[in-house]
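Remarks on the structure that follows.
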Amino acid sequence: MTDQKSASTTLDEVVDSSTSSNFIRNKIAHDIKENKHGGRVHTRFPPEPNGYLHIGHAKSICLNFGIAAENSGLCNLRFDDTNPEKESQEYVDAIKDNISWLGFQWNGDVRYSSNYFEQLYTFAVQLIESGKAYVCDLSANEAREYRGSLTEPGRNSPHRDRSIEDNRDLFERMRAGEFADGACSLRAKIDMAAPNITLRDPVLYRIRHIEHHQTGSKWCIYPTYDYTHCLSDAIEGITHSLCTLEFEDHRPLYDWILHSVDIASIAAASDLAGTESDYVLPEQTEFAKLKLNYTIVGKRQLKEMVETNLVEGWDDPRLPTLAGMRRRGFTANAIRNFCESVGVARSDSVVDLGMLEHAIRDDLDKNSPRAMCVLNPVTVVLTNLADEHLENLSMANHPKNEEMGRRTVPLTKRVVIDRSDFEAVPPQGFKRLTVGGEVRLRGAYVIKCDEVIKDAAGAITELHCSVDLDTLGKKPQGRKVKGVIHWVSEAKGVPLSVRLYDRLFNVENPQSKDIEDFRECLNEDSLIELSSCIAEPSIVEEGASPRYQFEREGYYCLDEKASSESGLVFNRTITLRDSW
RNA sequence: UGGGGUGUCGCCAAGUGGUAAGGCACAAGGUUUUGAUCCUUGCAUGCGUUGGUUCGAAUCCAGCCACCCCAGCCA
């Protein structure tokens with residue numbers, strides 16, 4: 001088991017210090033003060049391996065691991081794998097990978113609810129023996145009818161009063177595989193008239209003759225979430241079981257199950273067995289899910305987009321999956337900061353995408369080296385330079401951080417600039433190149449456009465400019481040059497493709513009730529590939545960074561998956577803020 | 001119309017009886033060889049609403065309104 005101190009040290013480096021209070025932090029501080037769990041804080045992140053993790057999970061991960069770290073506690077990773085029908089090892093692996101990438105280390109070995117199946121079975125027998133559970137032969141449809149409705153109470157199952165002996169026998173036979181899927185189930189005997197529907201004799205075990213990714217064919221009965229989750233928490237000695245708001249109605253059931261099983265046997269089966277501390281049951285606390293406008297964070301919809309090829313896969317850079325965001329160029333640090341800035345509360349809220357964008361710009365601005373890359377090149381001929389002119393200019397990799405060093409950028413007679421940096425008829429306030437106007441080539445000289453060369457169709461092919469050779473590293477004499485533009489040597493630059501991403505949806509809430517199918521509001525231009533870009537050579541030289549700020553354009557990240565020997569591909573993570 | 005929740009600036013969000021933090025966004029200035037960054041300033045006599053209690057209420061009480069979740073052998 002990881003020792004508490006090292007876990008907290010790791011997280012300290014990772015958790016932003018500018019934290020603000022929230023109801024969970026307050027509750028835990030209070031519990032510690034009251035010595036509720038002997039002062040222990042032990043959380044868990046319990047994903048079901050039925051899909052990839054997304055930004056919403058990141059909030060939960062940061063919360064659970066963060067709150068443990070802040071309190072010198074522990075956080076387990078436990079796969080809530082009670083429904084083999086929807087789960088797979090692929091998801092298990094991807095989830096572990098994503099959590100590590102986010103910068104968190106779980107306590108000890110990865111846990112699986114399925115690790116506890118045998119123990120859970122024993123507890124179920126105990127419930128049967130104390131008359132708190134029974135085997136019910138009602139089909140799923142019949143059970144629904146018996147359950148009643150939101151406004152009407154349910155009716156007792158005709159099998160509710162079977163003898164303990166019969167129940168025990170039937171349950172054993174369920175396990176032994178004597179019954180077909182759905183033929184019967186084990187139910188808790190609580191109250192069919194409870195206003196909280198969760199308490200109307202919830203199913204504890206169902207029959208599924210199906211292979212499980214962890215337990216193979218050992219079991220044909222699988223415990224349900226409600227039965228498994230609370231007991232798994234208890235077994236692991238979890239103190240604070242944090243989950244989302246929709247589980248609020250389940251809290252009475254969480255408590256009912258824990259209090260219906262003999263606490264001494266839970267304690268004996270728990271990780272805390274043999275520990276001096278008195279065993280205290282875990283407590284569930286709910287918080288609001290993260291929602292983001294212009295994006296969908298719903299496993300079902302994400303899965304649908306992946307499976308119907310609306311996107312390229314779970315790691316499509318337009319997706320809010322951690323895999324996608326990572327490929328897009330998001331940093332773990334930015335995601336963690338974002339989750340902290342969003343806060344934790346109980347009100348349903350929708351966070352503005354702008355907050356996420358701010359988090360990534362903030363991180364990338366500080367940590368990305370700069371480079372120049374021209375997206376839509378047009379040739380500029382520097383007429384007063386010699387044909388073979390080659391000048392190695394030294395440029396800072398970061399305007400504010402000298403420690404990031406310098407690089408050499410070659411200047412030749414022919415360079416390229418972005419087409420949008422020249423306007424024959426400039427609008428008011430245009431600060432770039434115009435006919436007869438001057439502009440500085442970033443890190444180099446001030447140039448003046450003397451002539452525009454066009455082809456037969458009238459399209460600009462070249463701009464002929466003259467260089468003011470007295471402006472390298474100094475302001476020009478007697479005038480101000482308003483603009484600075486980026487450029488790349490035509491001969492020395494490296495060709496690359498760039499993928500420009502935009503939001504996947506063009507409406508704030510793609511899941512709104514007045515939208516029948518979220519596909520209606522897909523943004524057609526969410527991916528634009530530019531294939532004739534040209535960047536300064538430093539981006540492929542020894543010691544090149546995987547991420548750059550392409551000056552005046554945005555933050556870009558090498559896409560290793562898409563790049564090949566025949567071509568480099570960079571993903572635009574996010575544009576620069578643009579007040580123009 | 002049963003039960004459980006939530007309502008504080010355009011968006012998050014602190015605040016738990018002593019007179020409305022912070023962030024994002026936005027706006028206006030300043031610096032700048034990135035229309036970036038950075039800096040400065042502005043941005044709720046107001047806390048869903050109506051009453052009540054109190055010297056004093058976003059905080060306590062009552063009613064009302066709006067929105068979210070629950071009728072899987074999903075989690």
Side-chain angles (χ1 to χ4, degrees), chain A residues 18 20-23 26 46-48 50 80-83 85-87 136 138-141 143-145 147-154 181-187 194-200 202-208 221-222 224-226 228-229 243-252 286 288 290 293 299 340-359 361-362 365-366 370 372 395 398-400 429-432 439-446 471 473-475 481-486 549-554 575-580:
Chain A
S18 59
S20 83
S21 81
N22 63 51
F23 78 101
N26 294 347
E48 185 192 10
N50 66 347
D80 218 339
D81 55 349
T82 56
N83 185 6
E85 244 170 319
K86 296 182 176 172
E87 302 160 5
C136 177
L138 253 27
S139 70
N141 279 338
R144 190 187 315 124
E145 284 168 25
R147 194 155 34 234
S149 73
L150 292 178
T151 50
E152 300 156 329
D181 286 7
C184 50
S185 62
L186 183 74
R187 296 227 255 162
N196 179 351
I197 292 173
T198 306
L199 264 13
R200 319 242 260 232
V203 169
L204 268 22
Y205 273 88
R206 70 288 219 191
I207 301 172
R208 290 284 179 280
I221 56 172
Y222 291 99
T224 55
Y225 163 83
D226 284 310
T228 309
H229 200 87
C243 64
T244 45
L245 253 26
E246 69 269 27
F247 292 102
E248 202 160 7
D249 289 345
H250 296 238
R251 191 169 64 222
E286 314 84 16
L290 172 67
N293 58 13
K299 266 189 198 172
E340 178 57 38
S341 77
V342 146
V344 180
R346 289 175 60 88
S347 62
D348 269 307
S349 55
V350 181
V351 173
D352 195 295
L353 236 204
M355 283 232 222
L356 215 210
E357 296 179 341
H358 173 263
R361 286 195 183 105
D362 190 48
D365 174 59
K366 290 187 188 85
R370 313 286 127 125
M372 293 191 290
M395 290 179 70
H398 190 104
K400 297 190 164 176
F430 190 72
K431 290 169 69 172
R432 295 166 266 178
V439 78
R440 176 178 293 277
L441 294 183
R442 168 122 249 236
Y445 301 89
V446 170
T471 55
K474 56 170 120 164
K475 300 206 186 312
V481 172
K482 48 192 181 284
V484 179
I485 64 174
H486 57 103
Q549 183 202 98
F550 287 155
E551 289 194 277
R552 302 210 312 130
E553 291 291 354
T575 60
L576 250 31
R577 237 173 128 249
D578 189 3
S579 54
W580 165 239

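Keep in mind that what you see is a predicted model, and the values were worked out from it rather than measured. Reminder, nothing fancy here: chain letters follow the sequence lines and each chain counts from 1.
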So does A:Arg577 get a side-chain nitrogen or oxygen closer than 4.0 Å to the phosphate oxygens (OP1/OP2) of B:A36?
-> no
Report yes if the ring of A:Trp580 lies under 5.5 Å from the six-membered base ring of B:G35 with planes under 30°, and no otherwise.
-> yes
May I ask you to say what A:Gln549 touches in the nucleic acid, namely base, sugar-phosphate or nothing, with a heavy-atom cut-off under 4.0 Å?
-> base
Only stems of 3 or more consecutive Watson-Crick or G-U pairs count here, both distances under 3.5 Å; name the ones for RNA chain B, or none.
-> B:2-7 with B:65-70, B:10-12 with B:22-24, B:26-30 with B:38-42, B:48-52 with B:60-64
Could you go through nucleotides 16-24 of chain B and list every protein N or O atom that sits under 3.5 Å from one of its N or O atoms, giving the distance for each pair?
residue	atom	partner	partner atom	Å
B:C24	OP1	A:His358	NE2	3.1

Looking for any heavy atom pair under 4.0 Å, which part of the strands does A:Ala288 touch: base, sugar-phosphate only, or nothing?
-> nothing
Can you tell me if the side-chain N/O atoms of A:Arg208 get under 4.0 Å from OP1 or OP2 in B:C74?
-> yes
With a 4.0 Å cut-off on heavy atoms, is A:Asp181 in touch with a base, just the backbone sugar-phosphate, or nothing at all?
-> nothing
With sequence neighbours left out, the residues meeting side-chain hydrogen bond (donor to acceptor under 3.5 Å, both in side chains) with A:Ser139 are A:Glu142
Does B:G35 have OP1 or OP2 sitting under 4.0 Å from an N or O in the side chain of A:Arg552?
-> yes
Base, sugar-phosphate, or nothing for A:Asp249, non-hydrogen atoms under 4.0 angstrom?
-> base
Report which part of the nucleic acid A:Ser149 touches: base, sugar-phosphate, or nothing (heavy-atom distance under 4.0 Å, all strands).
-> base
